[in-house]
Structures are given as C-alpha cells and as structure tokens.
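Throughout, numbering of the chain's residues begins at 1 and tracks the sequence.
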Amino acid sequence: MAFDIEMIKAVYERMPARIAAARALTGKPLTLTEKILYSHLWEGTPSTAYARGNSYVDFAPDRVAMQDATAQMALLQFMQAGRPQVAVPSTVHCDHLIEAKVASTTDLAVAVDKNKEVYDFLSSVSDKYGIGFWKPGAGIIHQVVLENYAFPGGMMIGTDSHTVNAGGLGMIAIGVGGADACDVMAGLAWELKFPKLIGVKLTGKLNGWTAPKDVILKVAGILTVKGGTGCVVEYFGEGATSMSCTGKGTICNMGAEIGATTSTFGYDDSMARYLQSTGRADVAAMADQVREHLTADPEVYANPEKYFDQVIEIDLDTLEPHLNGPFTPDLATPISKMKELAEKNGWPTKVEVGLIGSCTNSSYEDIARAASLAKQVAAKGLKTKAQFTITPGSELVRYTIERDGFIDTFNTIGATVFSNACGPCIGQWARPGAEKGEKNTIVHSFNRNFAKRADGNPNTFAFVASPEMVTALAIAGDLTFNPLTDTLTNEKGEQVKLDAPTGDELPQKGFAAEDAGYQAPAEDGSGVQVKVSPTSDRLQLLDPFAAWEGSDLIGLKLLIKAKGKCTTDHISMAGPWLKYRGHLDNISNNMLIGAVNFFNEKTDNVKNQLTGEYGPVPATQRAYKTAGIGTIVVGDTNYGEGSSREHAAMEPRHLGVRAVLVKSFARIHETNLKKQGMLALTFANEADYDKIQENDTINIVGLGSFAPEKSLTIELVHADGTKDSFAVNHTYNAQQIEWFKAGGALNIIRASVK
Ligand code: MIC
Ligand code: SF4
C-alpha cells in the first residue's frame with residue numbers, strides 16, 4: 001500500500017468540486033496546472049480568478065520533502081516554531097553528504113561515520129516530529145519521492161530545486177528554501193505568485209538514439225536558464241503520452257535549469273504502469289476514477305495558443321540527441337553539430353569520464369538502455385576509451401539493476417558504481433588529479449554543469465546528455481562522435497557501428513530491494529530528545545536575526561559587484577562545504593567566494609574600504625560586521641539561479657549584508673532573501689549597474705514608506721564626493737514587508753507561538 005493513502009484519497013475527493021468552481025470563475029477550460037493549483041488553495045473552494053504572473057496566492061501543499069543538506073537548516077528553523085508534529089506528511093532523505101571515491105559500499109561506510117552527528121540529528125528530529133526518514137544509501141530524494149510519494153494531481157514542496165522531478169508523475173512539485181518548508185510543516189499557508197503557463201506540445205514519438213533528456217536539453221536551448229522564470233511548463237501531445245513516466249520525470253527534473261517554477265504532465269497509462277510497478281496499484285486505481293481532472297480540459301490541448309502564455313512545439317520524430325554545455329545547461333548543441341562547434345570554441349574533445357545516474361537520469365529504463373550499449377563493447381570487439389561511473393538514484397533501482405545483470409554488464413566496461421546518492425553531481429567526487437586544474441572534458445547525465453560543480457576543477461568542461469549518449473561517448477572517448485552516423489575502429493581494426501539503444505521501461509520481474517532504507521517516525525515523539533552539541537562544528541542552533549531598525553539604511557559599503565553568472569554555487573559553494581550546512585557561522589566562510597569581482601575580474605578578492613586592502617569576501621564582510629557597518633551586494637541577471645539552498649541568503653544575512661541589488665533574480669533565491677529579512681532589489685534601469693563604483697558608500701532611501709509596487713531609491717556617494725541616485729524595484733507584498741520589518745519570517749512565527 002502507498003504511504004499516506006488517506007491524504008491522497010481526500011485530495012481526489014475534493015478535486016472535482018474545486019475544479020468546477022475554478023472553471024466557473026475563470027470562465028474557460030482549464031490547463032492541468034490550473035486544476036492542481038486551484039484545488040490546493042489555502043482557502044479551500046476557489047472564490048477568485050487569479051491573474052497569472054501577478055496575484056500572490058496562498059496554497060496548501062499536500063506534502064514536504066527535504067534532503068539532508070537543506071533539511072538541517074529547515075529543521076533547525078522548524079524546531080523554533082514550537083509545534084509538536086509536522087502538519088503535513090514530510091520526509092527527510094540522506095543523499096547529498098556521501099562522497100564518491102572508491103565504490104558504493106566503502107564510500108557509504110565512510111559517509112555514515114563522517115556524518116554521524118548530522119545523520120543522528122536528522123534521524124532524531126524526524127523521529128520527534130513525525131517525519132519519515134530515509135537513511136543514507138536509500139537513494140536520492142527525487143527518485144525516492146517518485147517511487148513512493150508522488151501522485152498525479154498532488155501538490156508538494158521540497159527543499160531542493162529538483163523537487164520538480166515529481167511532475168513526471170503528474171504533480172505540481174516545487175523547490176523552495178527551508179524557511180518555506182518550515183511554514184508548511186508548521187501548518188501555515190505557502191505563498192506563490194500565480195505562475196504563467198508555458199505549453200510544450202510534443203508531436204511524434206521518441207525513437208532510435210533520442211531520449212526524454214533530449215527534449216529538455218532542446219527546451220533549455222530554446223528558453224535559456226531564465227526563460228522559464230515565473231512559469232509552469234505543461235507538456236502534452238502524442239509524444240508525451242507515448243513516453244515512460246520516468247522519462248517524464250527526467251524532463252521535469254531539468255526544468256529547474258530553465259528557472260521554471262515547475263513542469264508537469266497529465267495523468268496517462270505510463271503513470272499508471274509506473275504506480276503499479278512501484279507497489280501503488282491503489283493510487284493508480286484512485287487516479288483512474290478522477291482521470292478527467294488529472295489532465296487539462298480537451299479544448300486546451302486542441303487550441304493551446306488560446307490557453308497558455310507561450311507555446312513551444314517539438315517534433316520527436318526529428319529531434320536529435322543533444323549535448324548541453326560547457327559551464328551552463330542551456331548551451332544546446334545537436335550531436336551532428338558538435339564537431340564544428342567544439343573546434344570553433346576550442347572545447348577539448350577527448351572525453352575523460354562518462355558519468356550516468358543522479359536524480360535526473362537513473363531510472364530502470366535509463367540504465368537498461370545504457371547497458372544495451374555497454375553490452376555491444378565486447379560483442380563488437382571494442383574497448384571503452386573513457387572512464388565510466390554510475391550513481392543509481394535509489395536502492396530500489398540499484399538492487400533491481402544488479403539482479404537483472406546490468407551492473408555486471410557495466411563492469412565489463414570497467415565501470416565504477418558509486419553509492420545511491422548525489423555524489424559527483426554535487427561535487428562529492430574525489431576525482432583523482434582534479435586538484436591539478438587541467439583542462440579536460442567530461443560528459444554526464446546530470447542536470448547542471450556550472451564551473452567546478454562536479455570535481456572542483458574550473459577547467460573541467462562538463463557536457464550534459466542522455467545516459468545513452470554519455471555511454472556512447474565514453475565508449476568512443478570522443479565528444480564529437482555521432483553514433484547515428486559515425487563508426488568506431490575495433491580491436492581488430494574493423495569499422496563498427498553501435499546499434500541504437502534499447503531497454504525495458506520497467507523491470508519485467510518487478511522492482512525489488514532487500515532494505516529500501518526507510519525509518520518510520522515514533523508514534524508519539526514527545527519524549528524524543530534532539531541533541532545538538534554546543535561545541536559542534538557541524539550543527540549550530542539558530543539565533544533570531546535582529547529586526548529592522550526602522551530607518552533608511554545609510555552609509556552602507558559595497559561588498560562586491562558581481563560580474564556575470566552568479567549562481568547559488570557561486571554564492572555558497574557545495575562540494576567540500578556541504579559539511580557545514582547545519583552550521584551557519586561556519587558555512588558563512590564560503591560566502592560569495594565563487595563570484596567574480598567586476599573591478600578586478602578575480603574571485604574571492606574584494607576591496608575592504610576601511611583598510612584599502614584586498615582580501616577574501618567572507619573575511620572582508622566580517623571586518624565590516626565588526627565595525628558595525630552594513631554592506632550591499634550587487635549582481636547581474638538571474639542572480640542566485642540553480643539551487644534552493646537558503647544558505648545563499650542566510651549567510652549574507654548572518655554576516656551583516658543588508659541588501660542584494662541585481663538586474664534580475666532567480667525565483668527561489670529571491671524568496672529566500674525575503675524570508676530571511678533581507679532586501680532583494682532590482683535596478684529599475686539595468687544600466688544603473690554601471691554607476692556602481694568600487695569605493696561607493698550607499699544609502700537605501702524610502703524604507704519608511706516601504707510598500708508593495710513602490711520603488712525605493714539608491715543614493716551612491718562616490719569616493720570623489722560626487723553622487724548618483726536612481727530608483728530600484730522590488731516584488732515585496734504586504735506580508736513580505738512584514739518579514740523584512742521583523743528581521744525574517746521566522747521571527748513572526750516565533751512570536752505567534754509565544
Ligand atoms: C543541487 O542540485 O544544486 C542541489 C545540491 O541539490 C541543491 C540543493 C542544495 O544546495 O542543497 C538544489 O538543487 O536545490
Ligand atoms: Fe542531488 Fe544532483 Fe539531484 Fe541535486 S541535482 S538532488 S545534487 S543528484
């Protein structure tokens with residue numbers, strides 16, 4: 001039986017009436033996205049037609065998921081909310097803290113030992129508050145959620161940007177910061193600006209070498225890393241229904257890379273098959289009863305231009321396999337163009353390592369299709385040129401693919417199987433020689449490829465592709481190898497061609513696992529003690545941030561004017577820093593160390609205006625803090641793209657940065673800043689970015705009448721005494737302004753408990 005079946009039943013029971021009300025209010029047929037959103041309003045039955053891209057709306061998500069690297073902060077905050085139990089079903093997944101070094105079992109044992117304190121904390125806090133706990137080794141949050149918790153028509157939030165993966169099973173699943181998760185677990189509403197809608201019509205059918213991953217690689221190329229901001233992407237058409245459920249998950253997963261709020265697909269037979277094979281025939285049967293409500297109204301898909309804000313059409317019959325990269329997931333190159341582009345751009349073409357797996361692409365189907373290529377190596381007398389690694393997404397998948405012989409097949413090409421965890425995808429990869437910083441190329445089936453992400457080497461050119469393409473390119477050892485047209489020379493000197501990949505969508509013998517790694521919480525957790533040692537360097541209880549002083553912010557110094565791409569990886573790096581995710585003061589020592597200083601083009605090197613000397617960003621900021629001087633961070637477009645990690649907002653808050661002023665924000669990061677009581681501001685006129693000078697003193701004026709849709713003013717006092725002044729915008733609503741005034745949203749919850 002599925003987890004939380006009563007909750008799912010209740011969702012399905014209320015859906016029809018709520019959808020009917022929404023249809024009447026809006027006076028039009030509804031997309032799937034609207035159906036799910038309108039049936040999850042905090043107010044219950046809809047009474048207002050919301051303006052897409054405009055109205056702030058309170059929602060009541062069905063569940064919350066957290067992964068270990070973000071759960072620590074989320075739960076440290078939740079502990080302060082004063083509630084005995086979580087208000088909605090919630091889970092914690094231990095996946096980010098396991099380093100991939102030797103191979104799965106050894107690495108897991110090392111991680112369990114090294115992270116004992118954190119795992120004990122998460123396990124006990126889960127036990128106490130009624131949260132399901134998935135132990136290290138159980139798998140990556142998004143796979144485990146897809147296998148156990150996601151259900152068509154449901155709405156969930158998760159403290160990870162790839163929570164959106166559950167859209168593959170017809171959910172609206174959204175990545176958030178820990179403070180948002182804390183609100184929902186504390187029984188409060190969750191607020192989101194009602195999204196705009198992008199419809200993607202998939203015509204034709206996937207065939208040959210093309211995989212679901214290529215759909216999202218193509219979409220990323222069209223929309224870019226910010227094109228989905230504020231939007232939900234809804235996929236439909238023959239190409240959608242003919243694709244596997246896990247393939248849909250891959251597409252939704254990587255929707256995080258275009259900044260989309262989430263992506264989703266209507267309920268279909270592939271979802272029913274997946275639910276059945278993962279032990280949830282009960283959910284499939286219930287979903288079948290309300291099938292019409294779990295997809296858009298027929299008029300919508302017949303005339304998408306009328307109902308979506310933007311429509312993209314992709315013909316799967318002609319879609320080519322793509323490679324996206326390097327250094328950004330939206331630089332999309334069809335494989336037939338790779339030779340030309342690699343040469344033109346000077347990308348190293350020798351593939352050193354091919355890595356498959358991660359939360360994005362580790363389904364049974366993915367592994368089966370990749371294995372069908374690995375099998376051809378021996379059969380065709382080839383030798384694999386690059387190294388090859390696999391990180392299975394869950395123990396359920398790992399156990400099943402081992403049983404079905406795929407691991408043995410990969411072993412014949414010298415593969416390394418890492419633990420069921422994030423591993424290399426999040427910089428937890430002890431890659432031998434990475435410290436030398438050599439220029440090299442890797443291909444992987446993960447979703448992100450920002451500089452330094454996988455191995456810490458800024459000169460690693462990482463390209464994102466389907467697991468099938470990764471396997472083929474690893475066999476060939478060549479980035480420009482096009483398996484559709486090119487041949488390889490085998491050991492006998494013959495020219496051979498790889499056959500297109502094949503593989504079952506779901507295991508014929510069913511999924512299996514000896515121990516999936518789940519720990520249920522205590523029935524009554526009131527007696528459970530959660531221990532945090534005061535001397536720990538990994539966990540630190542939180543102190544409330546100070547409330548706003550009630551006046552304009554005068555005399556701030558410029559900490560850094562960041563140039564170009566500044567993702568959450570640049571603001572709060574992962575990899576080696578993941579170990580401090582539960583200790584705000586320690587992790588603050590990585591604040592903005594990856595951001596490029598506009599004035600000297602260096603990373604982690606900014607001017608301390610008090611001494612005139614250049615030094616690391618965190619140390620410089622600590623010097624300002626000691627001197628009681630607030631600062632401001634300036635940035636470019638799509639600032640804070642990537643992860644949901646709220647550390648990227650909490651660190652500046654903790655160290656005394658008062659405002660972040662940028663050309664534009666990524667959604668989750670902007671909300672995280674607001675939640676933590678920071679000022680998140682945008683240039684009314686982007687060209688004003690150029691006015692900011694290195695020695696500026698900065699005033700933020702107008703806070704006395706801080707109000708929604710009313711701009712504030714920035715005054716720059718340059719070193720030579722001249723001044724500039726310009727307007728800056730913000731998206732704070734009345735409630736969010738209260739967060740700012742209180743010094744952070746949590747201070748408001750805390751006050752309501754006392
Ligand atoms: C990522 O893929 O960048 C992460 C690591 O999963 C993050 C979460 C984190 O930083 O802990 C994400 O995507 O939100
Ligand atoms: Fe883990 Fe990578 Fe997925 Fe993030 S994207 S959850 S780091 S596997």
Side-chain angles (χ1 to χ4, degrees), residues 100 208-218 220 246-247 250 253-254 257 320-326 329 331-335 338 342 347-377 382 384-393 397 401 406-407 409-410 413-418 422-425 429 431 440-449 453-455 460-484 486 488 498-503:
W209 283 89
T210 311
K213 183 77 158 201
D214 297 305
V215 174
I216 185 61
L217 294 176
K218 172 89 183 167
T246 50
T250 292
N253 181 304
M254 222 186 130
E257 272 52 62
E320 254 192 86
H322 278 63
L323 285 173
N324 284 24
L331 187 55
T333 306
I335 187 65
M338 192 36 115
W347 297 333
T349 56
K350 177 167 181 268
V351 173
E352 305 284 344
V353 193
L355 307 99
I356 64 165
S358 92
C359 64
T360 334
N361 268 113
S362 54
S363 65
Y364 186 86
E365 182 181 42
D366 286 333
I367 306 284
R369 284 170 61 89
S372 77
L373 297 168
K375 243 190 205 146
Q376 296 176 41
V377 171
L382 290 161
T384 305
K385 299 272 174 42
Q387 289 169 41
F388 190 71
T389 74
I390 308 146
T391 44
V397 165
I401 61 170
F406 298 143
I407 302 247
T409 304
F410 289 125
I413 65 163
T416 305
V417 183
F418 290 136
C422 300
C425 179
W429 183 22
R431 183 179 178 194
N440 77 101
T441 285
I442 62 174
V443 280
H444 63 59
S445 69
F446 312 156
N447 37 36
R448 301 201 160 138
N449 54 352
R453 180 165 166 104
D455 62 0
T460 293
F461 288 59
F463 292 84
V464 182
S466 68
E468 296 87 318
M469 284 301 288
V470 170
T471 312
L473 299 193
I475 294 170
D478 181 0
L479 188 70
T480 67
F481 172 65
N482 180 355
L484 283 84
D486 299 350
L488 294 167
L498 292 176
D499 303 325
T502 54

### Query
Is there a donor-acceptor contact under 3.5 Å from the side chain of Asn447 to the main chain of Glu257?
no
### Message
What verdict does the side-chain contact (heavy atoms from CB on, under 4.5 Å) test give for Thr360 and Lys213, after you've listed the backbone C-alpha separation in whole Å, the side-chain angles of each residue and the deciding distance to 0.1 Å?
### Response
CA-CA 9 Å; Thr360 334; Lys213 183 77 158 201; 3.4 Å; yes
### Message
Does any part of the side chain of Pro326, heavy atoms only, come nearer than 4.5 Å to the side chain of Asn449, both counted from C-beta?
### Response
no
### Query
Taking all atoms of both residues into account, what is the closest heavy-atom pair of Asp499 and Trp209, and its distance?
O-CZ2, 3.6 Å
### Message
Test side-chain contact (heavy atoms from CB on, under 4.5 Å) on Gln376 and Ile475; report intermediate values, then the result.
### Response
CA-CA 10 Å; Gln376 296 176 41; Ile475 294 170; over 6 Å; no
### Summary
Sorted by chain and number, sequence neighbours left out, ring-ring contact (aromatic ring centres under 6.0 Å, His included) with Phe446 holds for His444
### Query
If we only count heavy atoms from C-beta on, is the Ile356 to Phe410 side-chain gap below 4.5 Å?
yes
### Task
Test side-chain contact (heavy atoms from CB on, under 4.5 Å) on Thr250 and Ser363 and set out the steps.
CA-CA 9 Å; Thr250 292; Ser363 65; 5.8 Å; no
### Message
Whether the side chain of Arg448 engages the backbone of Pro329 through a donor-acceptor N/O pair (distance < 3.5 Å, no angle test) should be reported.
### Response
no
### Message
Looking at Ser372 and Thr502, would you say the former's side chain and the latter's main chain have a donor-acceptor pair under 3.5 Å?
### Response
yes
### Query
Please walk me through it: do Met338 and Leu479 pass side-chain contact (heavy atoms from CB on, under 4.5 Å)?
CA-CA 7 Å; Met338 192 36 115; Leu479 188 70; 4.1 Å; yes
### Close side-chain approach of Asn440 to Arg431, heavy-atom, < 4.5 Å
yes
### Task
Could you tell me whether the side chain of Leu473 reaches within less than 4.5 Å of the side chain of Leu323, counting heavy atoms only?
yes
### Query
Should Arg453 and Cys425 count as side-chain neighbours, where that means a heavy-atom distance under 4.5 Å?
yes
### Single hit among Val417, Asp366, Ile367 for side chain to side chain contact (heavy atoms under 4.5 Å, CB included) with Pro392
Val417
### Task
For residues Thr391 and Leu355, determine if any side-chain heavy atom of one lies less than 4.5 Å from a side-chain heavy atom of the other.
no
### Query
To the nearest 0.5 Å, how far apart are CG in Leu498 and CZ in Phe481?
4.5 Å
### Query
What's the shortest heavy-atom distance between Asn361 and Pro467, and which atoms?
ND2-CD, 3.4 Å
### Query
Does Ser445 use its side chain to pair, donor to acceptor, with the backbone of Gly357 at less than 3.5 Å?
yes
### Query
Do Phe463 and Thr441 touch side chain to side chain, with heavy atoms closer than 4.5 Å?
yes
